[in-house]
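Shown next, in structure tokens, is the structure this report addresses.
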Amino acid sequence: MRRIRTLSPLLLALATLSHAGPAQAQAPRGPPCAARSEVVDHLRDIYGEHLVGNGLAEGGYILELFTGPAGSWTVFATTPEGMSCLISAGNSWEPLPRPDIFAGR
């Protein structure tokens, strides 16, 4: 049976709470964000996901890829200050075979 991922309760709560104030025309908001330590704990505890790779992006952000044993995956952009913002998440992750030597080095 295929598992359908939804935004985690932590991130959904952050997205909901990020708009406080009187009703008015809303401007588009960015992705849900939380402290990196909370995000990593949540991904590990709920989905069994662990960091499998990362890379430095323009502006000092680190893109981080987490995957889980059931095929779930999550990509976050983490700021230099330690805030992680959801980029994308999904299912059916399949790692590529691991060569003996990484071609980029």
Worked verdict on C85 versus Y61 for side chain to side chain contact (heavy atoms under 4.5 Å, CB included): CA-CA 10 Å; C85 299; Y61 292 90; over 6 Å; no
Test log, rule side chain to side chain contact (heavy atoms under 4.5 Å, CB included), inputs H50 and R44: CA-CA 6 Å; H50 295 279; R44 182 191 62 238; 3.7 Å; yes
Should T74 and L86 be marked as a side chain to side chain contact (heavy atoms under 4.5 Å, CB included) after you check the CA-CA gap, both sets of side-chain angles, and the distance that decides it? CA-CA 8 Å; T74 307; L86 179 67; 3.8 Å; yes
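Ring geometry, F66 versus F76: the interplanar angle exceeds 60°, so the pair is classed perpendicular (tilted spans 30 to 60°).
When every heavy atom of V75 is checked against every heavy atom of L65, the shortest pair comes out as CG2-CD1, 3.8 Å. Contact detail for I87 and A77: the closest heavy-atom pair is CG1-N, 3.7 Å. Nearest heavy-atom pair across W93 and S72 is CB-O, 4.3 Å. Closest of all the heavy-atom pairs between P80 and G60 is CG-O, 3.6 Å.
Taking CE of M83 as the reference point, atom OG of S37 lies at 9.5 Å (rounded to 0.5 Å). Residue R36 holds its CZ atom at 9.5 Å from CG of D41, rounded to the nearest 0.5 Å. A distance of 9.0 Å separates CG of N91 from OH of Y47, quoted to the nearest 0.5 Å.
W73 places no side-chain N or O within 3.5 Å of a backbone atom of G68 that could act as its donor or acceptor partner.
For T78 and E64, the side-chain atoms include at least one donor-acceptor pair closer than 3.5 Å.
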